[in-house]
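Accompanying notes for the structure given below.
Keep in mind that this is a model prediction, so the values were computed, not measured. Below, all heavy atoms of this structure are taken into account, side chains as well, without hydrogens, waters or symmetry copies.
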Amino acid sequence: MPEPRNPFFQLINRLSQISGYLAALSILAATLIIVEQVVVRYVFKIPTIWQVETAVYLLIAATFLGAPYGLKENAHINIDLFIVNMPAATRRKLDSVTSAIAMLFCFFLAYRGAVMWWEAFEGNWRSSSLFSVPLVYPYALIPVGMFLTGLQYIVKMAGMFFSNSRTASRAAQPEGR
């Protein structure tokens, strides 16, 4: 899909790109931490308390921060068994409806995640492990990631509705067709 001309949409795309880089760094960091844990625990026989929990939080970050980037790059999983043989106009309409539903779901998750984050902030919630991480940090990933994914759905739908018909039909086709 071509880069939108609207400055707001360009900002959303840039934020999604940055979140994709952060997701990739989170995966790399989680991998290195797990390798370090294996070496420390099994080679040097030293117990660890922070590695598993940190790796889990980094993988949660990769999930929620990677979602807007995946949507921007049209890299989410598509199950197109039924729609692959439909006419392009029908696929576009179906893509519009499913994108609108997904956008609303993302904004709902962002709202509920913000409520959960606020409760953790007010209650000074901490993880029950020895590491005792303040839960406001991992809980913040849910509303941030889902809000940005919802905004990326707006960019996607604007591209479907306001681009020329050739670009819109390409956007509605599954990848590689």
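For residues 142-153, the set of pairs meeting the side-chain hydrogen bond (donor to acceptor under 3.5 Å, both in side chains) definition, not counting sequence neighbours, comprises Asn13-Gln152, Ser16-Gln152. Residue pairs satisfying the ring-ring contact (aromatic ring centres under 6.0 Å, His included) criterion with at least one member in residues 58-85, sequence neighbours excluded, are absent. The stretch residues 18-30 participates, sequence neighbours left out, in these side-chain hydrogen bond (donor to acceptor under 3.5 Å, both in side chains) pairs: Gln17-Tyr21.
In this structure, Ile27 and Ala62 approach most closely via the heavy-atom pair CG1-CB, 3.5 Å. Nearest approach of Phe131 to Thr54, heavy atoms of both residues: CE2-OG1, 3.4 Å.
Summarising the geometry, atom CD belonging to Gln10 is positioned 12.0 Å from atom CG belonging to Leu15; distances are rounded to the nearest 0.5 Å. Atom CG of Leu130 is separated from atom CD1 of Ile49 by 5.5 Å, given to the nearest 0.5 angstrom.
Taken together through direct or relayed side-chain contacts under 4.5 Å among Ile, Leu, Val, Met, Phe, Trp and Tyr, Phe9 and Phe162 form part of one hydrophobic cluster. Under a hydrophobic-cluster definition in which Ile, Leu, Val, Met, Phe, Trp and Tyr are linked whenever side-chain heavy atoms come within less than 4.5 Å, directly or via other members, Ile60 and Ile33 are assigned to the same cluster. Criterion: ILVMFWY side-chain heavy atoms under 4.5 Å apart, direct or through other members. Under it, Trp118 and Ile142 are part of a common hydrophobic cluster. No continuous path of hydrophobic side-chain contacts links Leu148 to Leu58 [ILVMFWY only; heavy atoms under 4.5 Å]. Criterion: ILVMFWY side-chain heavy atoms under 4.5 Å apart, direct or through other members. Under it, Leu25 and Ile18 are not part of a common hydrophobic cluster.
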Could you go through residues 96-115 and list every donor-acceptor pair under 3.5 Å that involves a side-chain atom there, pairing it with any protein atom two or more places apart or in another chain?
unit_1 : atom_1 : unit_2 : atom_2 : d
Ser96  : OG     : Arg92  : O      : 2.9
Thr98  : OG1    : Leu94  : O      : 3.0
Thr98  : OG1    : Asp95  : O      : 3.2
Ser99  : OG     : Asp95  : O      : 2.8

Solution key, residues 34-48 side-chain donor-acceptor pairs under 3.5 Å, sequence neighbours excluded:
unit_1 : atom_1 : unit_2 : atom_2 : d
Glu36  : OE1    : Gln51  : NE2    : 2.7
Lys45  : NZ     : Tyr42  : O      : 3.3
Thr48  : OG1    : Gln51  : OE1    : 3.4

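Applying the 4.5 Å side-chain rule to ILVMFWY residues, one finds Leu28 in the same cluster as Leu32.
In this structure, Val133 and Arg126 have side chains that are not in contact, with every pair of non-hydrogen atoms separated by 4.5 Å or more. A heavy-atom distance below 4.5 Å is not found between the side chains of Trp117 and Leu135.
The ring-ring contact (aromatic ring centres under 6.0 Å, His included) test applied to Phe8 returns no partner, not counting sequence neighbours. For Thr90, the side chain to side chain donor-acceptor pair (under 3.5 Å) test picks out no residue, with sequence neighbours left out. Applying the side chain to side chain donor-acceptor pair (under 3.5 Å) criterion to Trp50, with sequence neighbours excluded, gives no partner residue. Checked against ring-ring contact (aromatic ring centres under 6.0 Å, His included), Trp125 has no partners two or more places apart in sequence or in another chain. In this view, Val144 and Leu65 satisfy the side-chain contact (heavy atoms from CB on, under 4.5 Å) rule, not counting sequence neighbours. Take Ser129 and apply the side chain to side chain donor-acceptor pair (under 3.5 Å) test, not counting sequence neighbours, and it matches Glu53, Ser127.
No donor-acceptor pair under 3.5 Å is formed between the side chain of Ser132 and the backbone N or O of Ser128.
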